[in-house]
Amino acid sequence: MKLALVLDFDGTITMRDIGVEVIKKFARSDWDEGLRRWRASEFDQRQLMEWDFARLPSGRLSEMREYSLSVAVLRPGLTGLLELCRSNDMPVEVVSNGMAFYVEAVLEREGLSDLAFVAPTPTFAGLDPETNDPVSPVAEFGIGVETCERTGLCKCARAARLRPGGRKIVFVGDGISDFCIAEEEADFVIARSALKDHCAANGIAHSEFDDFYDVAREIESLLAG
Ligand SMILES: [Mg+2]
Ligand SMILES: [Zn+2]
């Protein structure tokens, strides 16, 4: 079987959700109102992202980057998993709804600059002083990247790109921005945390992981199967 691997970043590659930590520390104090609106189904994922990004201070990017590095700890086993993928000709892409500046910084620090990733780049355009709405665009997504209401940056579209050649898609993730790819696009879902619960509650076939050794074992058995 030919496979491709799509990896979530926050809470998957990293132990903690770096985006949440950055927003909690740097965003204007009303950031949590966005979370309330999302929980009340008044906001979709994309609106929540816009709410949060627009509340980050444009002049403190280097501080935010430093802080991200200080809270980023990698989940064990990633290097071995990437080696397994390389030796089996499996393309790997990190697809994140976090922020490109910290995904890039963390991967670089870990010696993983070669790992392909896509993530939104916040514009730090802030809020309209009259309406208090986010000034658009709040983020740039890059050429060839699609967006959707359910995730902001559409992980389904990224996965579909990797299919040519008959590859099946393995997706590894943990959170709400992973729901649509798990439901609609991935052939094999490896999940933890909120994504695991979502799969269980909705009858989506999945296996579970705590670290990337678990993920590597699962992929080995798919390759053998
Ligand atoms: Mg995540
Ligand atoms: Zn989508």
Side-chain angles (χ1 to χ4, degrees), residues 4-24 34-35 38-39 41 43-50 52-53 68 71-78 81 92-107 110 112 115-120 122 138-139 141-142 144-163 169-202 204 206-212 214-215 218:
L5 178 62
V6 176
L7 290 172
D8 171 52
F9 186 78
D10 286 287
T12 297
I13 286 184
T14 56
M15 299 298 282
R16 287 156 81 182
D17 188 317
I18 310 303
V20 168
E21 299 302 326
V22 168
I23 285 158
K24 283 201 288 198
L35 202 56
W38 177 76
R39 288 202 179 109
S41 302
F43 272 2
D44 61 33
Q45 269 283 299
R46 192 183 169 127
Q47 288 170 308
L48 176 60
M49 183 194 73
E50 289 174 349
D52 287 342
F53 282 13
S68 302
V71 293
V73 174
L74 254 57
R75 193 169 295 281
L78 182 60
L81 172 66
V92 180
E93 185 173 74
V94 177
V95 183
S96 168
N97 273 283
M99 292 175 259
F101 73 83
Y102 67 73
V103 175
E104 183 172 39
V106 172
L107 293 180
E110 302 293 335
L112 298 170
L115 187 52
F117 79 91
V118 288
V138 296
F141 291 89
V145 176
E146 293 175 32
T147 61
C148 76
E149 311 77 51
R150 290 192 67 188
T151 65
L153 193 160
C154 187
K155 300 189 180 191
C156 301
R158 296 310 291 179
R161 280 177 66 254
L162 298 172
R163 284 198 180 284
I169 305 298
V170 181
F171 176 72
V172 185
D174 74 305
I176 50 177
S177 65
D178 305 325
F179 288 2
C180 72
I181 185 172
E183 289 167 28
E184 294 166 25
E185 192 64 39
D187 297 291
F188 305 100
V189 177
I190 308 177
R192 57 176 294 277
S193 191
L195 180 61
K196 178 179 78 175
D197 298 343
H198 179 76
C199 289
N202 291 281
I204 301 165
H206 65 286
S207 59
E208 299 177 8
F209 76 103
D210 289 316
D211 55 38
F212 288 112
D214 299 333
V215 174
E218 190 62 31

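In this text the structure is predicted, and so the values were computed from the model without any measurement. Residue numbers start at 1 and run along the sequence shown. Counting starts at 1 for both ligands and their atoms, in listed order.
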Mind listing the protein N/O/S atoms less than 2.8 Å away from the Mg ion (ligand 1)? Waters don't count.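 Per the 2.8 Å query on the Mg ion (ligand 1), atoms found are D8 OD2, D10 O, D174 OD1.
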Using 30° and 60° as the class boundaries, would you call the ring planes of H198 and F179 parallel, tilted or perpendicular?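 Rings of H198 and F179: parallel, as their planes differ by under 30°.
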More than 12 non-hydrogen atoms from neighbouring residues, nucleotides or ligands closer than 6.0 Å to CG on D197, yes or no?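 Counting neighbours around CG of D197, more than 12 heavy atoms of other residues, nucleotides or ligands fall under 6.0 Å, so yes.
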Quick check: are there more than 12 heavy atoms from other residues, nucleotides or ligands sitting under 6.0 Å from CD of E146? no
Approximate separation, where rounding is to 0.5 Å, of L7 CG and L115 CG: 7.0 Å
Rounded to the nearest 10°, what angle sits at the Zn ion (ligand 2) between SG of C148 and SG of C180?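 With the Zn ion (ligand 2) as the vertex, SG (C148) and SG (C180) sit 110° apart.
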Do side-chain atoms of K196 reach the backbone of E208 as a donor and acceptor pair under 3.5 angstrom?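 Side chain of K196 to backbone of E208, a donor-acceptor pair under 3.5 Å: no, none is there.
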Compare all side-chain heavy atoms of L153 with those of S96 and state whether any distance is below 4.5 angstrom.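 L153 does not reach S96 side chain to side chain.
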side-chain contact (heavy atoms from CB on, under 4.5 Å) against A72, all qualifying residues, sequence neighbours excluded: T14, I18, V106, R109
Does C156 put an N, O or S atom under 2.8 Å from the Zn ion (ligand 2)?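 No, C156 does not qualify, because none of its backbone or side-chain N, O or S atoms lies under 2.8 Å.
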